Each structure stands twice: as C-alpha cells, then as structure tokens.
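Down below is the structure, laid out as structure tokens.
Heavy atoms only: backbone and side chains are in, while hydrogens, waters and symmetry mates are out. Keep in mind the model is a prediction, meaning the values are calculated, not measured. Residue numbers run from 1 in the order of the sequence given.
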Amino acid sequence: MTDPYKDSRQADAWRRYKKLMTWMALAALVSVIAALIYVYSSNEDVPIHMAIATIAGVGFSVLLGTALMGLVFLSNASGHDDSAMGRGAQDDSEA
C-alpha cells in the first residue's frame, strides 16, 4: 500500500526543484550575458571560439552547480534520505 503523504511529499519536492531550476536557468542566462559583456569590454578582438567557450563554461557551471545542490535538497525533502538510512515507513510504525 502506498503512503499518500509520501507521494504528495515527493510531488511537492519535485515541483520545488523544477521551479528552482527554471529560475536558475534565468540566472545562468544573466551570468552568461554578464560574462560576455566583461569579455568583450576587456579585449577588442574576441574570437568566436572564446565567446562560445565562455557561454558553455559559465552557463554549464551555473546550471550544474544548481542541479547538484538542488538534488541534495530534493533527496532530503522527498524522503529518499530517510529510506536510504533505514528510517522508512516500516520504522515509523515501530516508533
């Protein structure tokens, strides 16, 4: 039998994670634009390869850091940490 609280808890956690990633995609875009402005203002002749590397490096770094940190919080909020530590539904009934 599935626990309805656990299902809604997981759904809420995933909803928050998706909202976080949406906002952080916007933050990554702003970071990429700021980095490109900095690169183009500090040097007159910027090769296209450097611009592409800046876009990929800054954008990927922001999104990867956000995704990994968000997954840590998602794991805790959705109850996956509890089941991995052996504090799942069977332990709640014994306490």
Side-chain angles (χ1 to χ4, degrees):
M1 180 180 276
T2 61
D3 184 10
Y5 171 73
K6 187 176 180 182
D7 292 338
S8 68
R9 183 178 172 189
Q10 289 176 355
D12 289 341
W14 276 106
R15 197 174 307 111
R16 283 193 312 260
Y17 180 74
K18 290 176 184 177
K19 186 176 180 181
L20 169 77
M21 288 307 295
T22 301
W23 280 106
M24 289 312 294
L26 181 63
L29 180 65
V30 170
S31 299
V32 165
I33 291 171
L36 286 175
I37 290 171
Y38 176 75
V39 167
Y40 277 105
S41 68
S42 64
N43 192 354
E44 295 175 11
D45 187 27
V46 177
I48 188 69
H49 297 94
M50 184 173 178
I52 293 170
T54 301
I55 291 168
V58 172
F60 181 71
S61 296
V62 172
L63 288 177
L64 180 65
T66 302
L68 292 175
M69 202 58 183
L71 285 173
V72 169
F73 291 111
L74 172 72
S75 176
N76 183 32
S78 66
H80 285 94
D81 287 352
D82 294 338
S83 63
M85 301 263 314
R87 294 184 302 221
Q90 70 274 10
D91 292 339
D92 291 341
S93 62
E94 295 173 4

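- In this structure W14 satisfies the ring pair (Phe, Tyr, Trp, His ring centres under 6.0 Å) test together with Y17, sequence neighbours excluded.
- For residues 13-35, the salt bridge (Lys or Arg N to Asp or Glu O under 4.0 Å) pairs, not counting sequence neighbours, are D12-R15.
- Rounding to the nearest 0.5 Å places OG of S41 at 10.5 Å from CG of L36.
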Show me the side-chain donor-acceptor pairs of residues 26-34 shorter than 3.5 Å, one per line, residues at least two apart or across chains.
| unit_1 | atom_1 | unit_2 | atom_2 | d |
| --- | --- | --- | --- | --- |
| S31 | OG | A27 | O | 2.9 |

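- Hydrophobic cluster membership of V72, counting Ile, Leu, Val, Met, Phe, Trp and Tyr whose side-chain heavy atoms lie under 4.5 Å apart directly or via other members: none, as it forms a cluster of its own.
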Let me have the donor-acceptor pairs involving side chains of residues 52-64, under 3.5 Å, with sequence neighbours excluded, atom names and distances please.
| unit_1 | atom_1 | unit_2 | atom_2 | d |
| --- | --- | --- | --- | --- |
| T54 | OG1 | M50 | O | 2.8 |
| S61 | OG | G57 | O | 2.7 |

